[in-house]
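Worksheet: one structure, shown below.
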2 protein chains.
Amino acid sequence: MAPVKPKKQIDENLVKEKETAFAEFIQRKGLKTTRQRNTIIATFFRLQGHISVEELLNEVKKANPRIGYATVYRTLHLLVESGLVEERRFGDGLARYEGHSDVEHHDHMICLDCGEIFEFYNPRLEALQEKLAEENDFQIYRHRLELYGACKDKEACSHRKRKKVEQAAG
Amino acid sequence: MAPVKPKKQIDENLVKEKETAFAEFIQRKGLKTTRQRNTIIATFFRLQGHISVEELLNEVKKANPRIGYATVYRTLHLLVESGLVEERRFGDGLARYEGHSDVEHHDHMICLDCGEIFEFYNPRLEALQEKLAEENDFQIYRHRLELYGACKDKEACSHRKRKKVEQAAG
DNA sequence: GTGGAATACGAAAACAGTTTTCAAAATCGG
DNA sequence: CCGATTTTGAAAACTGTTTTCGTATTCCAC
C-alpha cells in the first residue's frame with residue numbers, strides 16, 4: 001500500500017479533455033474564448049502539483065510575455081468556478097491551485113523542511129469525520145486536513161530542498 | 001458524549017494565571033511591561049472563541065481608545081510566541097487568535113451559514129493520523145482539520161446568524 | 001527619586017497578495 | 001464586417017499585516 005501518490009506523467013488526453021471542459025464552461029456562461037485564456041489553461045494543466053499564481057505567471061510568460069497578473073488571476077477564478085480546479089491555502093499567505101483530480105478527494109502532508117507537499121487519502125479517516133459530524137448534528141460540505149511536519153527520509157528531503165534553492169536562484 | 005465543547009464561563013482565576021504567565025514571559029525576554037500590553041491581554045483573555053484582530057481592537061478601544069492596530073498586532077505576536085495563544089486561519093483571509101487551551105488539542109467545524117466555529121476532539125482521529133504519517137515515513141509536528149458545512153439545527157443556526165447581523169450593524 | 005539606555009508607542013507609510021478600474025483591443029452573433 | 005459585449009494589460013485600489021520613525025515610556029543604576 002502506498003497512500004502517497006507518485007508523481008504522474010502528464011496525460012495529454014486528460015489535458016485535452018479538461019481544455020474542452022473549460023471551453024464548454026466558457027460557452028455555457030456566454031463568455032468569450034481568448035488567446036490568453038487558452039494559453040493560461042494549457043499551461044496550468046501541464047504543470048503538476050500545487051501551483052501558485054506567481055509560478056503560473058512565470059510559465060505563462062514563456063509562451064506569451066505580454067500576459068499579466070490580472071488575467072492569470074481572473075482565469076484562475078474561472079477555473080475554480082468551473083469546478084476544474086481547486087484553490088488551497090497552506091498558511092504561507094498565498095493561494096495555490098490544483099487541478100481538480102478525477103480521482104478521489106485527498107488530504108495533504110506538508111514537510112516544513114523541504115516544503116514538499118504529499119497527497120494522501122484514507123477512507124477510514126473520511127468515514128470517521130462523517131461519523132463525528134453526524135454526532136454533532138453537522139453536515140460536512142468539504143473538509144481540509146493538513147499534517148505539518150517533516151520527512152523522515154532526511155536524504156531525500158535535503159535533496160529536494162537543495163533543488164528548490166537552485167530553482168529559486170537560477 | 002458531547003464532543004462539541006459548550007461555551008464556558010470566564011474563569012477569572014485562569015485569566016489571572018495567564019496574565020502572570022505572560023508577565024513572566026515578558027520579563028524572561030527582557031521586554032517591558034506596559035499599560036497597553038496589559039490592557040490588550042486582559043481584554044483578549046476575557047473574550048472567548050476565535051478572535052480576529054479587528055474584534056480585539058474594538059474591545060480594546062473601549063478600555064483605551066488611543067491604542068492602535070500596530071500595538072495589538074505586536075502584542076498578539078508576543079502572545080503566540082509565549083505559547084499562550086494560537087494563531088489560526090480559516091480561509092477568510094484574516095488571522096484569528098485563540099487562547100491556547102489547557103485542555104487537549106482540538107479541531108474545528110465551521111458552519112458556512114451562521115459562521116459559528118465549533119470545536120471537537122476525537123482520539124481515534126488523532127491516532128489514525130499518526131498511523132498514516134507513520135506509514136508514509138512522515139513525522140507530524142502539528143495538524144489542522146477543518147470541517148466546513150452547515151448546522152443541521154436550522155433554528156439555532158439562523159438565530160446565531162441574526163444575532164451576528166445585529167452585532168455588525170450596532 | 002533621577003538620568004539615561006533600551007524598549008514601546010501611535011500614526012502613517014510600506015508591503016504582499018489580490019482585486020478592481022479604465023481605456024483600448026479582441027471576440028463573435030447577426 | 002458591424003456593433004454590442006467581453007476581455008485585456010497597466011496601473012491604481014484594496015485588505016490585512018508589518019515596518020518605520022519620532023516621541024513617549026519603562027526601569028535599572030545610581
Side-chain angles (χ1 to χ4, degrees), chain A residues 22-44 50-82 85-97 168, chain B residues 22-44 50-82 85-97 168:
Chain A
F22 186 67
E24 277 166 12
F25 168 80
I26 289 293
Q27 210 140 337
R28 205 172 335 119
K29 298 246 332 171
L31 304 178
K32 290 174 179 171
T33 308
T34 68
R35 224 183 308 80
Q36 291 90 328
R37 293 222 260 244
N38 288 342
T39 302
I40 293 167
I41 69 154
T43 306
F44 179 82
H50 306 77
I51 313 297
S52 69
V53 174
E54 209 191 338
E55 282 165 359
L56 180 54
L57 181 63
N58 283 342
E59 282 305 309
V60 163
K61 276 193 185 284
K62 291 180 187 170
N64 178 353
R66 314 209 42 236
I67 294 177
Y69 283 102
T71 305
V72 171
Y73 273 107
R74 286 187 279 230
T75 305
L76 280 169
H77 289 323
L78 288 172
L79 280 167
V80 170
E81 203 189 329
S82 78
V85 163
E86 280 185 8
E87 180 179 313
R88 304 200 178 270
R89 284 167 188 277
F90 295 114
D92 60 353
L94 38 152
R96 288 171 183 282
Y97 296 85
Chain B
F22 185 67
E24 277 165 13
F25 168 79
I26 288 292
Q27 211 140 336
R28 206 173 333 119
K29 298 250 327 174
L31 305 177
K32 292 174 179 172
T33 308
T34 69
R35 224 181 310 82
Q36 292 90 331
R37 293 221 259 245
N38 287 341
T39 303
I40 293 166
I41 69 155
T43 307
F44 178 83
H50 305 77
I51 313 297
S52 69
V53 174
E54 207 189 340
E55 282 164 359
L56 180 54
L57 181 63
N58 283 343
E59 282 304 309
V60 163
K61 276 193 184 286
K62 291 179 187 170
N64 178 352
R66 315 209 40 236
I67 293 177
Y69 283 102
T71 305
V72 170
Y73 273 107
R74 285 188 279 231
T75 305
L76 280 169
H77 289 323
L78 288 172
L79 280 166
V80 170
E81 203 189 330
S82 77
V85 163
E86 279 185 7
E87 181 180 314
R88 304 202 179 268
R89 286 167 185 276
F90 295 113
D92 60 353
L94 39 152
R96 289 172 182 281
Y97 296 84

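Just so it is clear: chains get the letters A, B, ... in the order the sequence lines come, proteins before strands, and each one is counted from 1.
- Contact between A:L78 and A:L31 at its shortest, heavy atoms only, is CD2-CD1, 3.9 Å.
- Between A:F44 and A:V85 there is a side-chain heavy-atom pair separated by less than 4.5 Å.
- Judged as a side-chain contact (heavy atoms from CB on, under 4.5 Å), and not counting sequence neighbours, the contacts of A:Y69 are A:L57, A:Y73.
- Legend: residues meeting side-chain contact (heavy atoms from CB on, under 4.5 Å) with B:A42, ordered by chain and number and at least two apart, are B:E19, B:R46.
- For B:K29 and C:dA6, the NZ to C1' distance is 15 Å, given to the nearest whole Å.
- Nearest heavy atom pair, residue B:I51 against residue B:E55, reads CA-OE1, 3.4 Å.
- At C:dC9, one or more side-chain N or O atoms of B:R37 fall inside 4.0 Å of OP1 or OP2 (strictly under the cut-off).
- Listed by first then second residue, pairs satisfying side chain to side chain donor-acceptor pair (under 3.5 Å) with a partner in residues 23-37 of chain A read A:K29-A:E81, not counting sequence neighbours.
- Taking the side chain to side chain donor-acceptor pair (under 3.5 Å) definition, one finds that A:E86 meets it with A:R88, A:H100, sequence neighbours left out.
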With B for base contact, S for sugar-phosphate-only contact and - for none (protein heavy atoms under 4.0 Å), nucleotides 19-30 of chain C reads BBB-----BS--
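- For the atom pair CD1 of B:I41 and CD1 of B:I26, the computed distance is 8.0 Å after rounding to the nearest 0.5 Å.
- For DNA chain D, the contact window with chain A, defined by any atom under 4.0 Å from a protein heavy atom, covers D:dT5 to D:dA10 in 5' to 3' order.
- Rounded to whole Å, the distance from CZ on B:R28 to C1' on C:dT7 is 18 Å.
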